[in-house]
There are 2 protein chains.
Amino acid sequence: MSLPKVLRVSKSGRESYHHGDLEAALVDAAIELVRKTGPGHLSLRAVAEQVGVSPSAVYHYFPDKDALVSHVGDKLFVDLADMQREALAKIPGKSARAARLRYRELGRTYFRWAYKEPNLFRLMFGGFCKIEKEGLHIEDEAFQMLTQCLDDLLATGLISPEMRQYGELISWSSVQGASNLIVEGHLPPDVFESLLDGLELAMIGRKK
Amino acid sequence: MSLPKVLRVSKSGRESYHHGDLEAALVDAAIELVRKTGPGHLSLRAVAEQVGVSPSAVYHYFPDKDALVSHVGDKLFVDLADMQREALAKIPGKSARAARLRYRELGRTYFRWAYKEPNLFRLMFGGFCKIEKEGLHIEDEAFQMLTQCLDDLLATGLISPEMRQYGELISWSSVQGASNLIVEGHLPPDVFESLLDGLELAMIGRKK
DNA sequence: CCATAATCTGAACACTATTCAGATTCCGAC
DNA sequence: GTCGGAATCTGAATAGTGTTCAGATTATGG
């Protein structure tokens with residue numbers, strides 16, 4: 001009995017009094033608006049209007065505007081992890097060369113995401129979405145991919161066990177920091193490739 | 001004829017119709033409020049009220065709220081550079097040991113700043129203050145101190161010339177990134193010292 | 001000392017988040 | 001099927017926001 005509710009018509013102007021999947025629609029609309037306006041200038045009313053719903057309807061799914069923004073952040077982290085997985089899938093193989101390329105591509109994908117959508121990147125890492133989980137958890141899926149990459153580098157002998165233990169920390173921090181600094185205009189975009197060069201030099205030890 | 005205007009009394013309720021140094025007072029009040037509320041929830045009216053002035057008075061010094069926030073950012077960058085300079089001044093000397101301690105302390109000061117005042121840190125690097133300058137400039141004073149530190153490490157033979165050329169980029173990026181990730185709850189605070197260890201291992205090459 | 005410029009106020013406008021009583025629609029039990 | 005309760009959404013209202021502008025107040029140079 002779950003026909004596509006979009007097709008039904010009711011007394012109210014819209015296709016259906018109920019929306020179908022309002023929660024997801026609100027998050028998607030919010031993403032679109034944050035992309036343009038930035039996370040600080042997002043309007044709850046504009047989100048509702050974009051979806052074709054009254055502002056108060058939002059409060060049936062989110063306790064307040066901040067909660068909506070927070071859920072937007074959750075979705076963005078999933079999207080980023082998806083991109084990373086796709087990028088890695090294009091460079092299979094157990095060779096040292098493949099491992100190194102994967103490592104670089106992981107950082108590049110991260111930066112490309114940030115540089116293409118500065119406002120979404122700001123939302124993710126600018127204190128707009130509350131992390132309620134505790135411990136080392138990090139953003140689990142993306143972190144696991146990085147761990148795998150580093151394990152591959154270790155297995156092929158490209159990094160030392162001593163260096164390996166700092167792998168996630170240095171990699172994630174420097175890629176995150178460089179992306180942040182470039183997005184905010186403190187560094188020019190072209191230095192990111194240099195960062196990857198320097199990171200390889202630091203971790204692996206020899207210039208290619 | 002520039003007596004302290006605070007002492008004078010006029011027809012209006014306040015001590016003086018004119019304020020004296022309203023621009024600086026507004027920036028200071030804004031910093032105080034951002035510290036508590038976060039850069040996104042700063043209220044122009046609250047800033048004016050804190051200073052004891054009407055909201056419209058703000059517009060004689062800043063074209064809009066964003067401009068005020070931007071000037072807050074400028075001041076914070078100066079404050080941070082001051083802290084870094086003070087930290088470096090406590091570790092003089094041309095020895096390799098001193099150079100290494102200075103390098104670490106530079107990063108630590110940066111992180112301490114971020115961790116003590118998350119909301120101010122977010123304002124500085126969250127897209128709230130516009131960088132209008134162009135080129136490599138970076139935040140000039142702090143960057144110069146980092147350059148000096150790295151030159152000292154090079155002079156004492158602790159880093160190779162090959163590594164030296166990536167020094168500013170890797171150092172600033174990773175310290176910025178780690179601070180950001182820790183402040184936003186993606187990493188626990190105690191990993192920052194590990195980052196410094198890893199950074200030394202990567203740049204200098206030997207574990208102390 | 002006065003005219004002019006600088007500074008600040010008060011009221012207004014359009015917009016915002018949030019609340020809540022009530023209208024509308026869905027869904028399961030009979 | 002249909003009836004009643006639950007879920008969903010609306011409309012109006014409240015309090016607070018950034019911003020503008022005419023005019024009141026104060027400082028300052030000639």
Side-chain angles (χ1 to χ4, degrees), chain A residues 1-27 29-30 33-34 36-72 128 130, chain B residues 1-27 29-30 33-34 36-72 128 130:
Chain A
M1 199 55 54
S2 62
L3 295 176
K5 316 207 174 183
V6 184
L7 298 180
R8 311 187 203 163
V9 176
S10 71
K11 290 183 186 176
S12 59
R14 245 204 349 276
E15 320 236 359
S16 162
Y17 191 88
H18 287 9
H19 184 279
D21 194 0
L22 185 52
E23 179 165 348
L26 287 171
V27 170
L33 288 176
V34 169
K36 301 174 196 165
T37 68
H41 293 145
L42 178 71
S43 156
L44 193 272
R45 297 177 106 95
V47 175
E49 191 181 19
Q50 173 121 337
V51 176
V53 104
S54 92
S56 21
V58 178
Y59 291 85
H60 264 259
Y61 298 93
F62 307 101
D64 53 18
K65 181 183 152 188
D66 288 351
L68 168 60
V69 170
S70 211
H71 279 242
V72 166
F128 294 94
K130 319 273 175 188
Chain B
M1 200 55 52
S2 62
L3 295 176
K5 316 208 173 184
V6 183
L7 298 180
R8 311 189 202 161
V9 178
S10 70
K11 290 182 185 176
S12 61
R14 246 204 350 277
E15 321 235 1
S16 161
Y17 192 87
H18 285 10
H19 184 279
D21 195 0
L22 185 51
E23 178 163 349
L26 288 170
V27 170
L33 287 176
V34 168
K36 302 174 194 163
T37 67
H41 292 145
L42 179 71
S43 156
L44 194 271
R45 294 176 110 99
V47 174
E49 192 181 18
Q50 172 123 336
V51 176
V53 105
S54 91
S56 20
V58 179
Y59 291 84
H60 264 259
Y61 298 92
F62 307 100
D64 53 18
K65 181 183 153 189
D66 288 350
L68 169 60
V69 171
S70 212
H71 279 242
V72 167
F128 294 95
K130 317 272 174 187

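In what follows, every chain begins at residue 1, and chains take the letters A, B, ... in the order their sequences are listed. If you're wondering where the values come from, they're calculated on a predicted model, not measured in any experiment.
When rounded to the nearest whole Å, the span between CG of B:L26 and C1' of C:dT7 equals 13 Å. The distance from atom CG of B:L33 to atom C1' of D:dG16 is 15 Å, rounded to the nearest whole Å. The distance from atom NE2 of A:H60 to atom P of C:dC26 is 15 Å, rounded to the nearest whole Å. Across the protein-nucleic acid pair, B:E49 atom CD and C:dC8 atom P stand 17 Å apart, rounded to whole Å. In this entry the distance linking CD of B:E23 with P of C:dA6 reads 15 Å, nearest Å.
By the side chain to side chain contact (heavy atoms under 4.5 Å, CB included) test, B:Q50 pairs with B:A29, B:E32, B:L33, sequence neighbours left out. With sequence neighbours excluded, the residues that form a ring pair (Phe, Tyr, Trp, His ring centres under 6.0 Å) with A:F62 are A:H71.
In this structure, A:V58 and B:D64 both approach DNA chain D, and ranking their closest nucleotides by distance from the 5' end singles out A:V58.
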Can you check nucleotides 11-16 of chain C for protein contacts, nitrogen or oxygen pairs under 3.5 Å, and list what you find?
residue : atom : partner : partner atom : Å
C:dT16  : OP1  : A:S43   : OG           : 3.2

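Within the structure, a side-chain polar atom (N or O) of A:Y61 is placed less than 4.0 Å from OP1 or OP2 of D:dC9.
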For residues 41-48 of chain A, run the donor-acceptor check on the side chains, cut-off 3.5 Å, and write out each pair with its distance to 0.1 Å, sequence neighbours left out.
residue : atom : partner : partner atom : Å
A:S43   : OG   : A:R45   : N            : 3.3
A:S43   : OG   : A:A46   : N            : 3.0

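B:V51 and B:A25 make their closest contact through CG2-O, 3.7 Å (heavy atoms, listed as atom of the first residue, atom of the second, distance).
Considering only the side chain of A:Y59, C:dT18 comes nearest among D:dC9, C:dC8, C:dT18.
Pairs of residues two or more places apart, or lying in two chains, that qualify as side chain to side chain donor-acceptor pair (under 3.5 Å) and include a residue from residues 55-66 of chain B are B:S54-B:S56.
No contact: A:F62 has no heavy atom under 4.0 Å from any strand.
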